[in-house]
Amino acid sequence: MPKSSPQIDIRSARELFPATKHAAYFNTAAVGLASRAVTDAYHAYVDEWSRDGLDYARAELAAESARAMVGGLIGADRSDVALIASVSAAAGFVAAQFGPATPGQNVVIGQREYSSNHFPWRMLAAKGYDVRQVPFRSGGLEPTDIAACVDGGTQLVAFSGVQTATGHRSDIAAISGIARAVGAIVFVDGAQLVGALPVAQDLAGIDVLAVPDHKFLLNAGRGIGYCYLSAGMQAQFTPVNAGWKAGAVPFESFFGPEMNLSQTASRFDTTISWLAAIGQQAALGVFENFGADAIYERNRELAGLLRASLVEVGWNAVDLPEANRSTIVSVPLGEANPADLLAALKHHAIICSARDGNLRLAVHFYNHEDDIQQLAEILRSHRP
Ligand SMILES: Cc1ncc(COP(=O)(O)O)c(C=O)c1O
């Protein structure tokens with residue numbers, strides 16, 4: 001992924017996303033918008049499929065290009081990225097590596113983590129692990145609270161890079177330091193982080209980073225996802241889901257009889273959605289068009305403006321130190337009915353979600369100052 005300065009002004013990005021013409025879209029934390037490039041790629045591929053049959057070899061190439069681009073975004077070599085479509089599948093795959101616990105063995109997770117990064121670890125209780133759930137403070141995990149739960153028996157610490165309901169950005173370096181000090185695996189759910197904010201600076205502290213395609217990576221139809229695995233994890237893990245796609249040469253691995261698995265992280269690949277691969281390759285083009293750094297910078301600018309505008313109209317967002325802020329700004333709703341508020345906002349073409357008692361507002365580079373102004377005007381008359 002080139003880090004060069006963007007060739008096109010980031011402020012013109014919204015022109016590529018037709019939905020921004022008629023909606024103020026604050027819902028990328030649920031699903032990203034489609035660029036024209038994505039819909040054009042899908043239309044062309046489906047038309048060709050209808051006319052000539054499906055060109056799955058091209059889709060496999062698109063997936064390879066997506067793997068490399070996402071590797072670039074997170075600061076990893078493509079050879080360290082497996083294609084695993086969902087966070088839950090990645091967490092389940094890692095959890096499947098764990099044998100029966102010996103006395104004192106435990107895993108440490110957040111109490112209000114998104115279920116995909118929660119349920120797979122909870123299953124480990126059946127194998128004898130003590131599943132320690134760390135309570136959230138200010139909508140996220142404080143390293144000191146994690147430290148209080150970690151001991152010599154801790155095998156894994158799992159958490160979100162950015163909490164989905166509150167936007168609390170985890171201190172990956174600090175949590176990783178605590179986990180690594182006892183030799184625990186560091187598993188990070190990157191669903192609300194990758195594509196939204198820079199992550200490469202934290203990668204050295206991460207053993208497993210799982211990311212789906214449908215949010216800040218802008219392929220809302222879903223079907224392809226990424227799992228970075230450190231060299232140590234690749235050496236340690238068994239590719240329990242291996243099939244033809246895990247082969248050194250997948251198209252020559254349909255029937256064995258030898259099991260020549262890939263020497264790279266692709267031996268942990270699971271079969272992808274070919275349609276999704278075509279869409280994802282096109283979707284990721286924006287990171288090359290505008291430059292990832294320009295996108296992150298614009299996201300920071302928009303999130304700061306959103307936070308300030310909420311304060312101005314009397315809405316108190318979850319107050320987070322600068323270092324814990326992300327592209328999600330959430331406001332606790334108290335007694336207010338989320339459905340009524342969302343309907344009122346939708347009536348004014350403002351799209352967002354409610355999560356875990358909060359109004360959740362997410363920005364991505366295709367948002368504009370006008371979206372924020374429009375939102376603030378409506379919220380002024382709907383105080384929680
Ligand atoms: C923090 C977080 N993790 C994971 C996911 C998705 O999980 P999965 O890929 O298992 O559907 C979401 C939202 O869809 C999320 O907000």
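The structure presented is a predicted model; accordingly, all values stated were derived computationally and were not measured. Counting convention: from 1, in listed order, for ligands and their atoms alike.
Ring orientation note: the planes of Phe365 and Phe290 are tilted relative to one another, at an angle of 30° to 60°.
Asp371 and Tyr366 share no donor-acceptor pair across their side chains, judged by distance under 3.5 Å alone.
A salt bridge links Arg58 with Glu48; the closest basic N to acidic carboxylate O contact falls under 4.0 Å. The pair Asp151-Arg132 meets the salt-bridge criterion, since a charged nitrogen lies less than 4.0 angstrom from a carboxylate oxygen. A salt bridge is absent between Glu312 and Arg380; no separation between the charged side-chain nitrogens and carboxylate oxygens falls under 4.0 Å.
Judged as a side chain to side chain donor-acceptor pair (under 3.5 Å), and not counting sequence neighbours, the contacts of His364 are Asn299.
At a heavy-atom cutoff of 4.0 Å, ligand 1 is surrounded by Ser86, Val87, Ser88, Tyr114, Ser116, Ser160, Thr164, Asp189, Ala191, Gln192, Pro212, His214, Lys215, Arg222.
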